[in-house]
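Single-structure report; data block below.
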Amino acid sequence: RRRHTRYISVTGVQTCALPIYEPRFSVKGFAEKEVMLTFDDGPTMDVTPRILEALDMAGVKAAFFNTGNMARKFQSMTKEVIKRGHVLGSHTYWHTLQLGREINRGKATYDQFLGDLIAGHVAVAVAGKYIDPFFRFPNGCSNSNMVRNVKELGLKNFRWAADTFDWSFTERKFPQYDVRRKGILKNLDDALNASGKKGIILMHDIFSQSADALPAVLRYLYDNDYKVVLLKPRLGTSINNLPLVTQAMAYIKQNNIPFDDVVPEKPRQNMAGDQILDPQFKSKVNFHEMFPQLTYKPTPIDAKATCDSF
């Protein structure tokens, strides 16, 4: 049965105030018609505020997966996400694309991943003065070593069930606002139907089309009787007992290491826009000394390997 709800107009689209249900501690507890909203790659000073405003007006909380690079640039917005009551996780430092695949193919080193993971999570934590023990791989691309290490550092690996592909609806490719909005909504509808009408929704807070479409997304969820829930860490979890943050900060202080030495090499781009990594990159920091709990199982190099290999 629908609950009484007030209607609000946001950027010309009538949306509604969706009720916030009790926090969840496991994605396995999602029932049909229960979804969670997540936003990747930010923060930014132009799009993130619009996302936050739409969520506030609908009475909805979400999870934001910030990159370390962006969190350091826009610390005030990272803090604002927390101030508004949302969940904050990390999304590596540089948002290196297809990193699991490139490691599997021998085109990137494991130090690149560890630096991206560790520097990213610490940078977001420092910028926001808080962070939840949540992490998401860029593109969802990983291998078994990477997934295991994330868990060994006390983080939950967030995937998704419904990808809106909002990033693809650029104004250059789709000049008409309504076409962009309807395209994102269609992708959402298709993805939710394929996922059993439940699960984690993937959007971004760095693209204007994502903010444009969000009020319509919220309206779609209300009209189709969805409940927006929020997956939260277990009680007692805090930045002060998260191994990734506490061990990294203690090691950095004890060894007088500049934080930028933890940050891995920034990926270069070729003429086609593809990211290029150094297959010989070695960090100045000994990550296995920083985190003795990390394990690694040598795997063969496969030129045709994918993200899910090994």
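The structure displayed is predicted, hence computed values, not measured ones.
Pairs engaging residues 76-91 under the salt bridge (charged side-chain N to carboxylate O under 4.0 Å, His left out) rule: D56-R84, E80-R84 [sequence neighbours left out]. Applying the salt bridge (charged side-chain N to carboxylate O under 4.0 Å, His left out) test to every pair with at least one member in residues 98-126, sequence neighbours left out, gives no pairs at all.
For the atom pair K182 NZ and Q176 CD, the distance stands at 9.5 Å (nearest 0.5 Å). Going from atom OG of S195 over to atom CH2 of W160 covers 13.5 Å, rounded to the nearest 0.5 Å. Distance CD/Q254 to CE/M290: 10.5 Å, rounded to 0.5 Å. Residue D223 holds its CG atom at 11.0 Å from CG of L218, rounded to the nearest 0.5 Å. The distance from atom CZ of F174 to atom OG of S168, rounded to the nearest 0.5 Å, is 6.0 Å. Here the straight-line distance linking atom CZ of F39 with atom CD1 of I206 works out to 13.0 Å at 0.5 Å rounding.
No side-chain heavy atom of D163 sits under 4.5 Å from any side-chain heavy atom of N187. At a threshold of 4.5 Å between non-hydrogen side-chain atoms, the residues Y130 and V245 do not count as touching. The shortest side-chain heavy-atom distance between V87 and K61 does not fall under the 4.5 Å cut-off. In this structure, F137 and V147 have side chains that are in contact, with non-hydrogen atoms separated by less than 4.5 Å. Residues E171 and R180 are in side-chain contact: their nearest non-hydrogen atoms beyond the backbone lie under 4.5 Å apart. By the 4.5 Å heavy-atom criterion applied to side chains, R148 and K297 are counted as neighbours. With a 4.5 Å cut-off on side-chain heavy atoms, L155 and L244 count as touching. With a 4.5 Å cut-off on side-chain heavy atoms, T109 and I103 do not count as touching.
Hydrophobic clustering of Ile, Leu, Val, Met, Phe, Trp and Tyr side chains at less than 4.5 Å, counting indirect connections, unites L294 with I252. When the side chains of ILVMFWY residues are joined at heavy-atom separations under 4.5 Å, either directly or via intervening members, F291 and F135 end up in a single hydrophobic cluster. Taken together through direct or relayed side-chain contacts under 4.5 Å among Ile, Leu, Val, Met, Phe, Trp and Tyr, V122 and I82 form part of one hydrophobic cluster. Hydrophobic clustering (side-chain heavy atoms under 4.5 Å, transitive across Ile, Leu, Val, Met, Phe, Trp, Tyr) groups L185 together with I51. Both V47 and L55 are members of a single hydrophobic cluster when ILVMFWY side chains are connected at heavy-atom separations under 4.5 Å.
Closest approach of F287 and I118 over heavy atoms only: CD2-CD1, 3.5 Å. Nearest approach of L242 to P133, heavy atoms of both residues: CD1-CB, 3.7 Å. Nearest heavy-atom pair across Q247 and P292 is NE2-CD, 3.9 Å. In plain terms, the two heavy atoms of Y93 and A123 that are nearest each other are CE1-CB, 4.0 Å. Closest non-hydrogen pair, R50 versus S208, comes out as NH1-O, 3.8 Å. Between P264 and A119, the shortest heavy-atom contact is CD-CB, 4.4 Å.
Residues H204 and D166 bring a donor and an acceptor atom of their side chains to less than 3.5 Å of each other. With 3.5 Å as the limit, one finds a donor-acceptor pair spanning the side chains of R136 and T38. A donor-acceptor contact closer than 3.5 angstrom links the side chains of D41 and H95. Checked by atom type, the side-chain pair D205/T48 shows a donor-acceptor distance below 3.5 Å. With no hydrogens or angles considered, a side-chain donor-acceptor pair links T44 and D46 at under 3.5 Å.
Between F259 and the choices I257, D261, V263, the side-chain contact (heavy atoms from CB on, under 4.5 Å) rule is met once, by V263.
Distance alone, capped at 3.5 Å, places no donor-acceptor pair between the E34 side chain and the V229 backbone. A donor-acceptor contact shorter than 3.5 Å links the side chain of T67 to the backbone of M70.
By the 6.0 Å and 45° rule, K33 stacks over the aromatic ring of Y226.
Under the 4.0 Å criterion applied to side-chain N and carboxylate O atoms, D132 and K232 are not assigned as salt-bridge partners.
Within the 6.0 Å centre-distance limit, the rings of F158 and F65 are counted as a close aromatic pair. Taking the six-membered ring for Trp and the full ring otherwise, Y222 and Y220 have centroids separated by 6.0 Å or more. Checked against the 6.0 Å centroid criterion, the rings of F64 and H86 qualify as a close aromatic pair.
With sequence neighbours excluded, the residues forming a side chain to side chain contact (heavy atoms under 4.5 Å, CB included) with E289 are Y251, N286, listed by chain and number. Looking at residues two or more places apart in sequence or on another chain, you find a salt bridge (charged side-chain N to carboxylate O under 4.0 Å, His left out) between K186 and D190. Remark: A162 engages L188, A191, L192, I201 in a side chain to side chain contact (heavy atoms under 4.5 Å, CB included) (not counting sequence neighbours).
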- Query: Going through the checks in order, is the side-chain hydrogen bond (donor to acceptor under 3.5 Å, both in side chains) test met by Q209 and T170?
  - Reply: CA-CA 7 Å; Q209 65 265 25; T170 63; 5.9 Å; no
- Query: Is there a side chain to side chain contact (heavy atoms under 4.5 Å, CB included) between I200 and R159 once you walk through the steps?
  - Reply: CA-CA 8 Å; I200 297 171; R159 295 189 66 83; over 6 Å; no
- Task: With side chain to side chain contact (heavy atoms under 4.5 Å, CB included) as the test, would you mind laying out the steps for L153 and L117 before giving the verdict?
- Result: CA-CA 10 Å; L153 293 177; L117 167 65; 3.7 Å; yes
- Step by step, would you call S76 with M45 a side chain to side chain contact (heavy atoms under 4.5 Å, CB included)? CA-CA 9 Å; S76 63; M45 297 304 291; 4.0 Å; yes
- Task: Take V124 and S90 through the side chain to side chain contact (heavy atoms under 4.5 Å, CB included) test and state the conclusion after the steps.
- Result: CA-CA 6 Å; V124 175; S90 67; 4.3 Å; yes
- Item | side-chain hydrogen bond (donor to acceptor under 3.5 Å, both in side chains) evaluation trace for Y110 with N143 | CA-CA 11 Å; Y110 207 73; N143 62 32; 4.8 Å; no
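Counted within 6.0 Å of CD on Q269, heavy atoms from surrounding residues, nucleotides or ligands total more than 12; the atom is thus considered enclosed.
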Could you list the donor-acceptor pairs under 3.5 angstrom formed between side-chain atoms of residues 271-284 and any protein atom two or more places apart in sequence or on another chain?
{"residue": "Q275", "atom": "OE1", "partner": "L97", "partner atom": "N", "Å": "2.7"}
{"residue": "D278", "atom": "OD1", "partner": "Q280", "partner atom": "N", "Å": "2.9"}
{"residue": "S283", "atom": "OG", "partner": "V285", "partner atom": "N", "Å": "3.0"}

